[in-house]
Amino acid sequence: MLVSSNLFKKSSKSRKVRCEICANYCKIADGSYGICKQHKNINGELFDESFGVVSSLNADPIEKKPLYHFLPGTLTYSVGGFGCNMGCLHCQNYMISQEFDKISDKFNILPETIVENAINQGCKSIAWTYNEPTIHLPFNKKTSLLAKRKNLKIVYVSNGYMSDQSLSEILNFVDAFNIDLKSMSQNFYKKICKADLNIVLDNLKRIYDADKHLEITNLLINGYNDLTEEITKLANFIADNLGCDIPLHFSRAFPYYKLNDISPTAEDKLFEAKRIADDCGLEYVYIGNLDCDANTYCPDCGEILLKRNNYSTEVLNNDKKCIKCGKELNIRF
């Protein structure tokens with residue numbers, strides 16, 4: 001499918017095009033692909049060869065995204081594609097994001113079918129997830145606009161590496177984001193992810209300022225992004241620029257892809273990260289990929305608001321205020 005003309009620019013001197021879907025702003029020669037390997041320059045026009053092509057479809061608890069404060073206890077219809085605009089050495093889904101050309105089990109689906117499937121399976125939302133959704137903007141947008149007519153909410157599970165132009169479009173149809181803030185080190189982003197930290201931080205601010213529901217995940221990797229100073233810097237960035245009520249998920253990393261020589265994140269490091277974030281004033285801090293307390297408590301009085309057992313959630317307080325002390329809560333039911 002031809003990409004909308006406002007998301008690419010032609011060169012006046014050659015057949016190169018500048019893709020403006022993500023923050024890489026790839027300059028693509030005729031017959032070649034951008035970094036994500038989904039958009040191809042054909043005779044000076046940019047085509048999205050991934051339109052309608054998906055890798056996976058599942059009805060998931062929304063807590064798996066992870067989103068703990070958005071439509072808790074409901075199902076979301078998860079849709080994944082192929083490719084990515086980053087090159088993370090520790091990618092947990094590298095089979096579909098980095099080495100998808102070795103996989104043959106891809107299939108096509110219509111936007112209308114995705115919406116119908118979501119409704120038939122009792123989902124309250126559609127989540128663009130598993131791989132980076134930004135690179136599939138034309139398909140996601142068309143599907144999402146159809147879904148919203150059926151009162152479905154839209155979720156983006158993303159690395160936050162959108163271009164200015166695409167984020168403006170995305171903010172028009174997405175209701176909730178979980179952004180993977182991988183590190184507060186520019187060096188980490190450049191060497192491990194092949195990306196620019198500052199773009200992610202700026203996009204987080206834009207998402208927050210647009211009053212979208214926002215949660216953040218930080219995958220802690222032994223020896224790479226787990227220093228006390230860096231965790232403190234991350235928590236302070238959230239508190240100072242986004243708000244102390246933004247949920248933060250510290251997730252346990254396992255050896256995978258090109259970082260297969262690491263050990264699983266030490267459990268005490270995860271609990272230490274949570275303690276640091278708590279001390280920085282963050283009100284909702286969770287630990288992922290580890291069997292531990294995942295309940296949501298009122299930041300003021302400690303009342304249990306949401307009780308979780310694995311991905312099963314019991315809503316004990318379905319008001320925007322704590323029924324015990326009246327504290328305003330960042331939970332969207």
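In this structure, Glu328 and Tyr284 approach most closely via the heavy-atom pair O-OH, 4.5 Å.
For the pair Asp268 (side chain) and Glu272 (backbone), a donor-acceptor distance under 3.5 Å is absent. Formation of a donor-acceptor pair under 3.5 Å by the His39 side chain with backbone atoms of Ile135 is found in this model. Judged purely by atom type and a 3.5 angstrom limit, Thr74 uses its side chain to pair as donor or acceptor with the backbone of Leu71. A donor-acceptor pair is defined here as one N or O able to donate and one able to accept, closer than 3.5 Å; such a pair exists between the side chain of Asn41 and the backbone of Gly44. Glu132 places no side-chain N or O within donor-acceptor distance of the main-chain N or O of Ser158, the cut-off being under 3.5 Å. Side-chain atoms of Asn58 never come within 3.5 Å of backbone atoms of Tyr77 as a donor-acceptor pair (strictly under, hydrogens ignored). The closest donor-acceptor contact from the side chain of Ser163 to the backbone of Ser166 lies under 3.5 Å. At least one donor-acceptor pair closer than 3.5 Å links the side chain of Asn317 to the backbone N or O of Asp319.
Inter-residue side-chain proximity for Leu146 and Glu112 is flagged as met; some heavy-atom pair is nearer than 4.5 Å. At a threshold of 4.5 Å between non-hydrogen side-chain atoms, the residues Pro72 and Asn318 do not count as touching. Within the 4.5 Å cutoff, the side chain of Arg308 has heavy atoms near those of the Tyr68 side chain. Residues Cys193 and Phe188 meet the side-chain proximity criterion, which asks for heavy atoms closer than 4.5 Å. Put simply, the side chain of Phe237 reaches to within 4.5 Å of the side chain of Lys205, judged on heavy atoms. Residues Glu230 and Asn218 form no side-chain contact, since every pair of their non-hydrogen atoms from C-beta on lies 4.5 Å or further apart. Contact annotation: the side chain of Asn203 never approaches that of Val200 to less than 4.5 Å [non-hydrogen atoms, C-beta and beyond].
A salt bridge links Asp279 with Arg275; the closest basic N to acidic carboxylate O contact falls under 4.0 Å. Using a cut-off of 4.0 Å between Lys/Arg side-chain N and Asp/Glu carboxylate O, Lys327 and Glu283 are scored as salt-bridged. Using a cutoff of 4.0 Å between basic side-chain nitrogens and carboxylate oxygens, Arg332 and Asp175 are not scored as salt-bridged. Ion pairing between Arg18 and Glu20 holds under the 4.0 Å rule for side-chain N and carboxylate O. Of the charged side-chain nitrogens involved, at least one lies within less than 4.0 Å of a carboxylate oxygen, so that Lys182 and Asp180 count as a salt-bridged pair. Asp278 and Lys274 are joined by a salt bridge, as a carboxylate oxygen and a charged side-chain nitrogen come within less than 4.0 angstrom of each other.
A centroid separation of 6.0 Å or more is found between the aromatic rings of Tyr224 and His90.
For the salt bridge (Lys or Arg N to Asp or Glu O under 4.0 Å) test with Asp30, the passing option among Lys16, Lys40, Arg15 is Arg15; the others fail. The only member of Tyr257, Phe82, Tyr130 that meets ring-ring contact (aromatic ring centres under 6.0 Å, His included) when paired with Tyr94 is Tyr257.
Between the side chains of Lys65 and Ser78, a donor-acceptor pair is found at a separation under 3.5 Å. A donor-acceptor pair shorter than 3.5 Å can be found between the side chains of Asn85 and Asn159. His69 and Tyr286 share a donor-acceptor pair across their side chains, judged by distance under 3.5 Å alone. A donor and an acceptor atom, one from each side chain of Thr217 and Asn178, are located under 3.5 Å apart.
Relative to the six-membered ring of Tyr311, Lys64 meets both conditions, a distance below 6.0 Å and an angle of at most 45° to the axis. Taking the ring axis of Phe173 as reference, the NZ or CZ atom of Lys141 does not stay both within 45° of it and closer than 6.0 Å to the ring centre.
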